[in-house]
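This is the structure I have questions about; it appears just below.
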There are 2 protein chains.
Amino acid sequence: MIDPEGPEPLYLQLAAVLRERIRTGVYPPNRPVPSITSLQQEFELARGTVIHAIEVLRDEGAVRTVQGRGTFVAPPT
Amino acid sequence: MIDPEGPEPLYLQLAAVLRERIRTGVYPPNRPVPSITSLQQEFELARGTVIHAIEVLRDEGAVRTVQGRGTFVAPPT
DNA sequence: GCCCATTTGTACGTATGTATG
DNA sequence: GCATACATACGTACAAATGGG
């Protein structure tokens, strides 16, 4: 899914993967995406990289984050 | 200018300082703001914190960045 | 074209703070 | 109180782009 050798920045690659999982319903609306820690483990990325990817999705309005609870897929428009 | 003990995150404090310097013409339109490294030294902050602050201003449209050249104050609207 | 200095971009690993349940 | 989860911050390293010599 993620190619550490590829030209695209890892945080954008991860954002793309998560965006696709949201689009295809792997992460359904109003349900949490996996925690930063578990994404970090699944993709073997640094914490900051995962956070950066999620910030991208948040700026797109694809997810919303609540500190202490998690990051949730935005409801369909 | 920046209070490491204050409740506000450092990157937001720094963004506020830079925003004010832009507003008051300390950093004039179409001129560069100081480099990340020099801001880092002036405010004694980590590189990532300075970058985060600049990202805030970029999202506001207050500055634009060109890799390899610098970050420039946006022209007046 | 080729180095080199400067500057921004990305990424890592880690530590600590804050909110929720 | 405790575990989980996100937020902030640090220091560091290297990559990529720019511009000058």
Side-chain angles (χ1 to χ4, degrees), chain A residues 1-19 21-22 26-74, chain B residues 1-19 21-22 26-74:
Chain A
M1 291 288 224
I2 291 211
D3 175 17
E5 313 300 321
E8 182 128 25
L10 298 180
Y11 77 94
L12 289 181
Q13 290 189 47
L14 176 56
V17 169
L18 298 181
R19 198 183 294 115
R21 287 185 179 176
I22 289 170
V26 176
Y27 306 144
N30 295 308
R31 304 283 296 171
V33 300
S35 72
I36 291 173
T37 302
S38 69
L39 289 174
Q40 184 177 341
Q41 290 166 346
E42 173 180 358
F43 294 97
E44 297 183 292
L45 295 171
R47 177 176 185 76
T49 307
V50 175
I51 290 175
H52 204 164
I54 289 178
E55 280 171 351
V56 170
L57 298 177
R58 197 157 48 216
D59 288 348
E60 293 171 357
V63 300
R64 73 181 201 288
T65 293
V66 183
Q67 184 174 357
R69 290 220 299 137
T71 298
F72 299 84
V73 178
Chain B
M1 289 286 224
I2 292 210
D3 175 17
E5 314 299 321
E8 181 128 25
L10 298 181
Y11 76 96
L12 289 181
Q13 290 188 48
L14 176 56
V17 169
L18 299 181
R19 198 183 295 115
R21 288 186 179 177
I22 289 170
V26 176
Y27 306 144
N30 295 309
R31 303 283 295 170
V33 300
S35 74
I36 292 173
T37 303
S38 70
L39 289 173
Q40 185 177 340
Q41 290 166 346
E42 173 180 358
F43 295 98
E44 296 183 293
L45 295 171
R47 176 178 183 75
T49 306
V50 175
I51 290 176
H52 204 163
I54 289 178
E55 280 171 351
V56 169
L57 298 178
R58 197 158 47 218
D59 287 349
E60 293 171 355
V63 300
R64 74 179 202 288
T65 293
V66 183
Q67 183 173 357
R69 291 221 300 137
T71 298
F72 300 84
V73 178

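Note that these values count all heavy atoms, side chains included, but never hydrogens, waters or copies made by symmetry.
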For the pair B:Leu45 and B:Ile2, evaluate side-chain contact (heavy atoms from CB on, under 4.5 Å) and give the outcome as yes or no after the intermediate values. CA-CA 10 Å; B:Leu45 295 171; B:Ile2 292 210; 4.1 Å; yes
Tell me: CG of B:Leu39 to P of C:dT6, nearest whole Å? 16 Å
Compare side-chain N and O positions of B:Arg58 against OP1 and OP2 of C:dG9 and report whether any pair is under 4.0 Å apart. yes
Which of these, B:Leu18, B:Thr49, B:Ile51, sits in a side chain to side chain contact (heavy atoms under 4.5 Å, CB included) with B:Leu39? B:Leu18
Just call it for B:Ile54: base, sugar-phosphate, or nothing, with non-hydrogen atoms closer than 4.0 Å on any strand.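 Touches nothing.
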Would the number of heavy atoms belonging to other residues, nucleotides or ligands and lying under 6.0 Å from CZ of B:Arg58 be above 12?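 Yes - once you tally the heavy atoms of other residues, nucleotides and ligands closer than 6.0 Å, there are more than 12.
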For DNA chain C, find the residues of residues 63-71 of chain A with a heavy-atom distance under 4.0 Å and give them by number; none if there aren't any. A:Gln67, A:Gly68, A:Arg69
How many whole angstroms separate atom CG of A:Leu57 from atom C1' of D:dC6?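 That distance rounds to 15 Å.
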Report the nucleotide, chosen from D:dT8, C:dT10, C:dG13, that has the shortest atom-to-atom distance to any side-chain atom of A:Tyr11. C:dT10
Heavy-atom nearest nucleotide on DNA chain D taken for B:Gly48 and for B:His52; more 5' hit belongs to B:His52
What about A:Arg47, does its side chain sit under 3.5 Å from the base of D:dA7 through a donor-acceptor pair?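 Per atom types, the contact qualifies.
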Let's go through A:Thr37 and A:Arg47 carefully: what are the C-alpha distance in whole Å and the side-chain angles of both, what is the deciding distance for side-chain contact (heavy atoms from CB on, under 4.5 Å) to 0.1 Å, and is it a yes or a no? CA-CA 7 Å; A:Thr37 302; A:Arg47 177 176 185 76; 4.1 Å; yes
By nearest-nucleotide position on DNA chain C, the 5'-leaning member of A:Leu10 and A:Gln40 is A:Leu10
Side-chain contact test, heavy atoms from C-beta onward, threshold under 4.5 Å: evaluate it for B:Tyr11 versus B:Val56 and give yes or no.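 Yes, side chains in contact.
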Please report, rounded to the nearest Å, how far the P atom of D:dA9 is from the CZ atom of B:Phe43. 14 Å
Among C:dT10, D:dC6, D:dG11, which nucleotide has an atom closest to any side-chain atom of A:Ile36? D:dC6
If you check every side-chain atom of B:Thr49, which of C:dA11, D:dT8, D:dC10 has the closest atom?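 Nearest to the side-chain atoms of B:Thr49, counting from C-beta on, is D:dC10.
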Atom CD of B:Glu55 and atom C1' of C:dA11: how far apart are they, to the nearest Å? 13 Å
Whole angstrom value for the distance that separates P of D:dA16 from CD of A:Glu5: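 Value for this atom pair: 11 Å.
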Take the protein atom CD1 of A:Ile51 and the nucleotide atom C1' of C:dT10, then report the distance between them rounded to whole Å.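 Rounded to whole Å, this separation is 15 Å.
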Could you state the atom-to-atom distance from CG of B:Leu12 to P of D:dT8 in whole Å?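 Going from CG in B:Leu12 over to P in D:dT8 covers 7 Å.
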For B:Asp3, is there any backbone N or O sitting under 3.5 Å from a side-chain donor or acceptor partner on B:Gln13?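 Checked: pair present.
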Rounded distance (Å) that lies between atom C1' of D:dC10 and atom CD of B:Gln41: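 So the CD-C1' distance, B:Gln41 to D:dC10, works out to 16 Å.
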B:Glu42/B:Met1 under side-chain contact (heavy atoms from CB on, under 4.5 Å): CA gap, chis, key distance, verdict: CA-CA 11 Å; B:Glu42 173 180 358; B:Met1 289 286 224; over 6 Å; no
